[in-house]
Amino acid sequence: MMKGLPRWIAIALGALVALGIIAFGVVYVLSERILRRTYEVPAAAVSIPTDPAAITEGRRLATIHGCFSDCHGRHGEGRVTFDQPMIARIVAPNLTSAVRRYTDAQLAAVIRQGVLPGGRSVLVMPSEAFVALTDADLGRILGFLKSLPAVAGPGPAISPGPAGRIGLVAGKFKTARQLIAEAVPPPEATSEEAAFGRYLARTVCAACHGGDLRGASNPDFTSPSLQVVAAYSPDAFNKLLRTGEALGGRSLPVMGPRARQNLSQLTDAEITALYSYLHDLH
């Protein structure tokens, strides 16, 4: 029995390895099926303004929404946003190249519908938030991006690792189209000012705090429900969005840089509208 033990151990280990290979093969096939699924979305004609005032406003909107001076790099050149081989490598593509490669209708479909030319879903893109962007705001953002000079930068590259593929199959990670389909909108507003705040919350805040604004989590961070705004005074909320400083002088590792780089571009009227809506969020 003692002499035979190593042989049985070897057999058992071999069987476990074989089962692991088979299991990963199944996960790979199922995850590829999710990634290769195609969707049909109606083509949207978006008017792209070219006047200087619209370009300036487009820059502000692109900054607030994080596609400029954030996810896609300081100048829209693209950057690696996540790189953990077991989970995924995610590269936000060069926008100065993308706006020259895609048609206006294709760009609108990628941003608002999370669908690439050919029908596949984008894997990492906050389209569940951008789906609510008005034609006017989207047009100004695209007008600004088209005005940028072409610069060198990476193309789109998303490579799920083993854990990432398991997450896709288990429903822990979702494609943009899945997130759009499952998104729960936040409560309706009770005034005209709050309605504008709701629009801003849906298109700006939902990317991090979830479509219903109740908080969300991903491999990078966990965000709180925006019901926390009820604890803020108007001045404290304004300070949070301008400087990233929370109540009690706390420095927030994710919100801090996001506020200073992007949300500080919100106007006083926009911050007031956001506060009007979020302060009474229930």
Output side-chain donor-acceptor pairs under 3.5 Å for residues 35-43, partner residues at least two apart or in another chain, one line each.
unit_1	atom_1	unit_2	atom_2	d
Arg36	NE	Glu32	OE1	2.8
Arg36	NH2	Glu32	OE1	3.2

Is it the case that atom NZ in Lys146 sees more than 12 heavy atoms from other parts of the structure closer than 6.0 Å? yes

Taking C-beta and beyond as the side chain, do Ile87 and Phe173 meet within less than 4.5 Å on heavy atoms? yes

Can you give me the closest heavy-atom contact between Pro93 and His72, atom names plus distance? O-ND1, 2.9 Å

Is there a side-chain contact between Leu263 and Leu240 (heavy atoms, below 4.5 Å)? no

So Arg165 and Tyr28, do their side chains get closer than 4.5 Å, heavy atoms only? yes

Within the 4.5 Å heavy-atom criterion, are Arg79 and Val91 side-chain neighbours or not? no

For residues Pro186 and Arg198, determine if any side-chain heavy atom of one lies less than 4.5 Å from a side-chain heavy atom of the other. yes

Does the pair Leu281 and Arg214 meet the rule for a side chain to side chain contact (heavy atoms under 4.5 Å, CB included), with working shown? CA-CA 10 Å; Leu281 187 66; Arg214 307 293 183 185; 4.2 Å; yes

Atom of Ser147, atom of Ile55 and distance for their closest heavy-atom approach: OG-CG2, 3.6 Å

Criterion side chain to side chain contact (heavy atoms under 4.5 Å, CB included) on Asn262 and Thr63, from CA distance to verdict: CA-CA 5 Å; Asn262 307 100; Thr63 303; 3.9 Å; yes

If you look at every heavy atom in Ala44 and Ala108, which pair is closest and at what distance? O-CB, 4.4 Å

Should Met125 and Leu168 be regarded as members of a common hydrophobic cluster, given that ILVMFWY residues are connected when their side-chain heavy atoms come within less than 4.5 Å of each other, either directly or indirectly? no

One pair to check against side chain to side chain contact (heavy atoms under 4.5 Å, CB included): Leu148 and Leu95. What are the steps and the verdict? CA-CA 9 Å; Leu148 293 172; Leu95 293 181; 5.8 Å; no

For Ile180 and Ser127, work out which heavy atoms get closest and say how close. CD1-CB, 3.7 Å

Would you please classify the geometry between the Tyr199 ring and the Phe196 ring as parallel, tilted or perpendicular, with 30° and 60° separating the classes? parallel

Please answer whether the main-chain N or O of Ser121 pairs with a side-chain N or O of Thr175 as donor and acceptor at a distance below 3.5 Å. no

Grouping I, L, V, M, F, W and Y whenever their side-chain heavy atoms are under 4.5 Å apart, do Leu142 and Val115 come out in a common cluster? no

Closest contact, heavy atoms only, Glu128 versus Ala183: CB-CB, 4.5 Å

Side-chain heavy-atom pair Val204, His65 within 4.5 angstrom cut-off: yes

Determine whether Ile111 and Ile141 make a side-chain contact, defined as any pair of heavy atoms from C-beta on separated by less than 4.5 Å. no

Is a salt bridge present between Arg242 and Asp235, judged by a nitrogen-to-oxygen distance below 4.0 Å? no

Check Arg60 with Glu270, please: is the shortest side-chain N to carboxylate O separation under 4.0 Å? yes

Under the side chain to side chain contact (heavy atoms under 4.5 Å, CB included) rule, what do Leu241 and Met255 come out as? Steps first, then yes or no, please. CA-CA 9 Å; Leu241 296 190; Met255 180 64 177; 3.5 Å; yes

Indicate whether any N or O donor in one side chain lies under 3.5 Å from an N or O acceptor in the other, for Thr243 and Glu245. no

Crowded around Arg100 CZ? As in, over 12 foreign heavy atoms under 6.0 Å? yes

Where does the angle between the aromatic ring planes of Tyr275 and Phe237 fall among parallel (under 30°), tilted (30 to 60°) and perpendicular (over 60°)? tilted

